[in-house]
Amino acid sequence: MSFSQKIIHWYSANKRSLPWRNTTDPYKIWLSEIMLQQTRVAQGMPYYERFIEHFPTVHDLANASEEEVLKLWQGLGYYSRARNLHTTAKLISEKYNGHFPDTYKGLLELKGVGDYTASAIASFCFKEAQPVVDGNVFRVLSRYFGIDLPINSTEGIKYFKALALKVMDADQIADYNQGIMEFGALQCAPKNPYCLHCPLNDSCVALQKGKIDILPVKLKKAKVKERYFNYLVVLDKENAIEIRQRRGRGIWQNLFEFPLLETEREYSLEEITNTMDTVLELKEPTEIYQFNEKTIVHKLSHQHLHTKFWIVKSEEKHSNGVSLEELKEYPVPVLIAEFINTFKF
DNA sequence: AAAACGGGGAC
DNA sequence: GTCCCAGTTTT
C-alpha cells in the first residue's frame, strides 16, 4: 500500500465525528477552517456551534455588525480572523450572490484565506487536488520521509508543499487531506506518538533512525516582550465606567478596554496618580486604589502583560460611560473579561 | 525573511 | 516553564 492509501485507510477507521464533517457547504467549511487556524479542535468547536446558530448563512454573518462578530469571537484569539471573516462574508454576500469561489486560486483572494485554507476549502468542497499543509502535515511528512528542513523557513515551506503535492491522492483528495491531518492530530502527535502501533511504522524514516523526537525541526521564535499595563477603571457617581475601543496596530484591534496607561515598569499608586492625566481628562478624582492585590501577568504568545487595574472614582459624569451590565455586551480581551467577572463595587 | 498576532491545553 | 495548535498578514 502507498503512503496515501495507508493514510486514507487509517482515516476511515479512526475519524472523529465533527460538525463540519457532515457537510460540503463552503460557508460552513470556510467558517470552520478560519476558526481552526492555530486553534485546537476542542477549543474551536463551541465557537463554531455558536456562529452557525447565530449566522446560519453567509448573509446572516454579512448583515451582522463587526461588534457582534467580535463578541461571538471573544476568547478565541487572533481577532484579525474575525475581522477578516466579516469582511469576506460581506464580499461573498453582496458581490458574489452568496457563492464562494470554487477554485484554490479564487479562494486565495479572500481576506484571511491563505494557502492552507484555500487548499482545504477547494479540496473538501470542490474536490480540487490541492494538498493541505498545516502543522499536522508538516509533522507527518517530516517524520515519515525524514526531512529536517525547518518547517517555518521559506525553503522548508516550499519543500513540504511540493512533497505534499507529490504524495497526495488526487482522486480521493478530500479524504486524503482530512486523513493526514487527523493522523497527525491523533496518531503522529507532537509528543509521545504511539509508533508501536502505527500503520506506517514499517517505513517511517524518523522511526527507523530514532529521530521521532527531533522532527519536525522548527526555527526558534523571537523572545517574549514584557509590557506593563495599567487599566484605569473610572467610575463616576452613577458607577458608569469609561471604555474605549482599541484602534490602529497591535493586539486586540477593535476590541474594547478601559483607558490604558502603559509604563516601562510597574508603577506605584503615587506614580499612577501623578501620570494618569496623560490618558484621562479627569480633573479631580475622589479616590484611587489598586483592585488586584497582585500584578496579573497575562501571557500572549510573544508578550507578557503585567497588569494592574486601578479603580478611579470621580464626581464628574462621563459621556461615554457604560454600566457594568452593559459592558458585558461589548467584545473585550480575556484579560478584561476576567476583571469584569471578579469586579465588585 | 522575520515579526506580529491570543488563548488554552498537554506535558 | 515549553511547545504547539486544521496559519495569515504585515513589516
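Letters go in sequence order (proteins before strands), and every chain restarts at 1.
- Within residues 30-44 of chain A, the residues having any heavy atom under 4.0 Å from DNA chain B are, by residue number, A:Q38, A:T39, A:R40, A:Q43.
- Using a 4.0 Å cut-off, no side-chain N or O of A:S301 falls inside it from OP1 or OP2 of B:dC5.
- Across residues 7-29 of chain A, not one residue has a non-hydrogen atom less than 4.0 Å from an atom of DNA chain B.
- Below the 3.5 angstrom threshold, one finds a donor paired with an acceptor across the side chain of A:Y78 and the base of B:dG6.
- As rounded to whole Å, 19 Å separates atom P of C:dC4 from atom CE of A:M181.
- Residue contacts for A:G250: at a heavy-atom cut-off of 4.0 Å it reaches the sugar-phosphate backbone alone, with no base atom in range.
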Taking only distance into account, with no hydrogens and no angle test, what donor-acceptor pairs under 3.5 Å do side-chain atoms of residues 22-29 of chain A form with protein atoms, sequence neighbours excluded?
| residue | atom | partner | partner atom | Å |
| --- | --- | --- | --- | --- |
| A:T23 | OG1 | A:D25 | N | 2.9 |
| A:D25 | OD1 | A:Y27 | N | 3.0 |
| A:Y27 | OH | A:F55 | O | 2.7 |

Polar atom pairs between nucleotides 9-11 of chain C and protein, under 3.5 Å, N or O only, would you list them?
| residue | atom | partner | partner atom | Å |
| --- | --- | --- | --- | --- |
| C:dT9 | OP1 | A:G112 | N | 2.4 |

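- In this view, A:E266 and A:K308 satisfy the salt bridge (charged side-chain N to carboxylate O under 4.0 Å, His left out) rule, not counting sequence neighbours.
- For the pair A:F160 and A:I147, the minimum side-chain heavy-atom distance is below 4.5 Å.
- Dashed line: the shortest gap from a side-chain N or O of A:R81 to OP1 or OP2 of B:dG6 is not under 4.0 Å.
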Side-chain donor-acceptor contacts of residues 163-170 of chain A below 3.5 Å, not counting sequence neighbours, with atom names and distances?
| residue | atom | partner | partner atom | Å |
| --- | --- | --- | --- | --- |
| A:D169 | OD1 | A:D171 | N | 3.0 |
| A:D169 | OD1 | A:Q172 | N | 3.3 |
| A:D169 | OD2 | A:Q172 | NE2 | 3.0 |

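- Straight-line distance from the NZ atom of A:K191 to the C1' atom of B:dC11: 5 Å, rounded to whole Å.
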